[in-house]
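The structure appears right after this line, and notes come after that.
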Amino acid sequence: MLENRKILVGVTGSIAAYKAAVLIRMLVKEKAEVKVIMTPLAKAFITPLTLATLSKNPVLVDFYNAENGDWNNHVDLGMWADAYVIAPATANTMAKMAHGIADNLLLTAYLSARCPVFVAPAMDLDMLAHPATRHNIDVLKQFGNLILEPETGELASGLTGKGRMEEPEKIVEALKKHFSRKKKIPSRLKGKNILVTAGPTCEPIDPVRFISNHSSGRMGYALADALASQGARVILISGPTSENIADPGITLVPVQTADEMYTECRTRYPHMDGAILVAAVADYKPKYRAQEKIKRSMQNLTLELEPNRDIAAALGSMKKKNQFLAGFALETEHAVKNAREKMKRKNFDFIVLNSLQDKGTGFGTDTNKITLLDKHNRKMEFPLKTKQEVAEDILQYLQTII
Ligand code: CTP
């Protein structure tokens, strides 16, 4: 799978730099062509000689060779690579990547890279948990970089927690998965701009409390992933979930409330070829949001709720002839009839009806059983499948109408 793939490995100054040696060795064994860039500090952790020997290529550290004036062209490196793996990635390097700082060769190559970028953070647990680092990781995810989340275990600091760099085997696996998916192209979805909503929305009651639902976001993320693997450019507008995006073709737009999701969807939909609305949008929000935490009292508390706007219906009324719009439905009675009405009301081209009857379906599960209904009165029933397989089925249908 990795044979003849050009993999650029970026190594930063972390104690986990020794794992880069294992990673490079494994990549070369898989017959990938490997070039290595190190930050100046990384040299304190592992020698360029080791990595040059393992990668079978000179290791690059500086912008130019002081001896002979040779220029190490980061643009060429960025264009050369089929994938750029930054492992280990320190908090410092990720902060610079998130802000476009380009003060070493590894970072300039990052800014120039046209290929997918895989980032394997490694640091102490408190550094990783710091809001600044979490924010930077979220920014990198929004750029479409793939974050290989650190593992939990013993850390160089002597503490135990999350922060250990992902094992080289797992990084190689992620690369293989990426390259195997790319093989599925050509698809009619290649190059299409598609908006996907996913996850729940959170409607604040006061600064610490909110109303939400059990949506895990898995179905929406699986769809976004499947779309991107077929070459679509995906804007994923998502409420809070613990899902990770798994493809650089996905741009994540995180939101909290239905109002934020509404605004993002309305401004972005006109530039899209279509949208699939998977989010479990809260139907109601508290009418008043308390500025301070509501104190406990022995009195009953009544929350006044007001309806949220219907994002689907808003997009349905904006839909142009060359765009499609689709959504999901979960119905407890007269499922098909209600779903068809919903499709009409929201001006969907098709609607995916989730079963409530079967075991293994619904919120928080890895599987789903769907019936796809379209505006031409077609009804397609599918057996219980994983959410990834369900996503593939939906895209197979989508290809016939796009
Ligand atoms: N939807 C949306 N915005 C909302 C509510 C729903 O975009 N405010 C979308 C969902 O993402 C889904 C579809 O509309 O694709 C149907 O959602 P559902 O909750 O079943 O629809 P409702 O209009 O809320 O109908 P119900 O009365 O059954 O709750």
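When a ligand or atom number is given, it counts from 1 through the structure's own listing order. Along the sequence shown, the residues carry numbers beginning at 1. What you are looking at is a predicted structure, and each value in this text was computed from that prediction instead of being measured.
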[X] to ligand 1, any heavy atom closer than 4.0 Å:
X    : result
A258 : no
D283 : yes
M261 : no

Is ligand 1 under 4.0 Å from a heavy atom in the side chain of D310, in the backbone, in both, or in neither?
->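 Both of them.
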Specify side chain, backbone, both or neither for K342, according to which of its non-hydrogen atoms lie closer than 4.0 Å to ligand 1.
->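 Under 4.0 Å from ligand 1, K342 contributes side-chain atoms alone.
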Identify the closest protein heavy atom to [atom]: which residue and atom is it, and at what distance?
atom                    : answer
atom 5 (C) of ligand 1  : V281 CB, 3.9 Å
atom 11 (O) of ligand 1 : A279 O, 2.7 Å
atom 8 (N) of ligand 1  : R309 O, 2.9 Å
atom 23 (O) of ligand 1 : K346 NZ, 2.6 Å
atom 9 (C) of ligand 1  : A312 CB, 3.8 Å
atom 3 (N) of ligand 1  : I311 N, 3.1 Å

Are the charged groups of [X] and [Y] less than 4.0 angstrom apart, N to O?
X    : Y    : value
K387 : D366 : no
D206 : K293 : no
E381 : K369 : no
R345 : D310 : no

Summary of salt bridge (charged side-chain N to carboxylate O under 4.0 Å, His left out) pairs that have at least one residue in residues 14-26, sequence neighbours excluded |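 Every salt bridge (charged side-chain N to carboxylate O under 4.0 Å, His left out) pair that includes a residue of residues 14-26, provided the two are not neighbours, is K19-E167.
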Mark yes or no for whether E203, through its side chain, and A258, through its backbone, hold a donor-acceptor pair below 3.5 Å.
->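 A pair under 3.5 Å: yes.
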Is there a donor-acceptor contact under 3.5 Å from the side chain of T197 to the main chain of A279?
->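 Side chain of T197 to backbone of A279: a pair is present.
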Pick from Y262, F328, Y284: the one approaching atom 12 (C) of ligand 1 most closely through a non-hydrogen atom =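 Of the listed residues, F328 has the closest heavy atom.
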Compare T201, L277, N354 and give the one whose heavy atom is closest to atom 15 (O) of ligand 1.
->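 Shortest heavy-atom distance from atom 15 (O) of ligand 1: L277.
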Please say whether G327 places an N or O atom under 3.5 Å from an N or O atom belonging to ligand 1.
->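 So ligand 1 has no N or O lying under 3.5 Å from an N or O of G327.
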Please identify each residue that fulfils side chain to side chain contact (heavy atoms under 4.5 Å, CB included) with D82, with sequence neighbours left out.
->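 Testing D82 for side chain to side chain contact (heavy atoms under 4.5 Å, CB included), a comparison that skips the adjacent residues, returns R5, K6, F179.
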Is there at least one protein heavy-atom neighbour under 4.0 Å from atom 28 (O) of ligand 1?
->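 So far as the 4.0 Å threshold goes, atom 28 (O) of ligand 1 is in reach of a protein heavy atom.
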Would you say the side-chain atoms of N145 and Y110 include a donor-acceptor pair closer than 3.5 Å?
->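 Yes, a side-chain donor-acceptor pair sits under 3.5 Å.
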Candidates I235, L227, I237, D225 - the one meeting side-chain contact (heavy atoms from CB on, under 4.5 Å) with V196 =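 Checked I235, L227, I237, D225 against V196; only one passes side-chain contact (heavy atoms from CB on, under 4.5 Å): L227.
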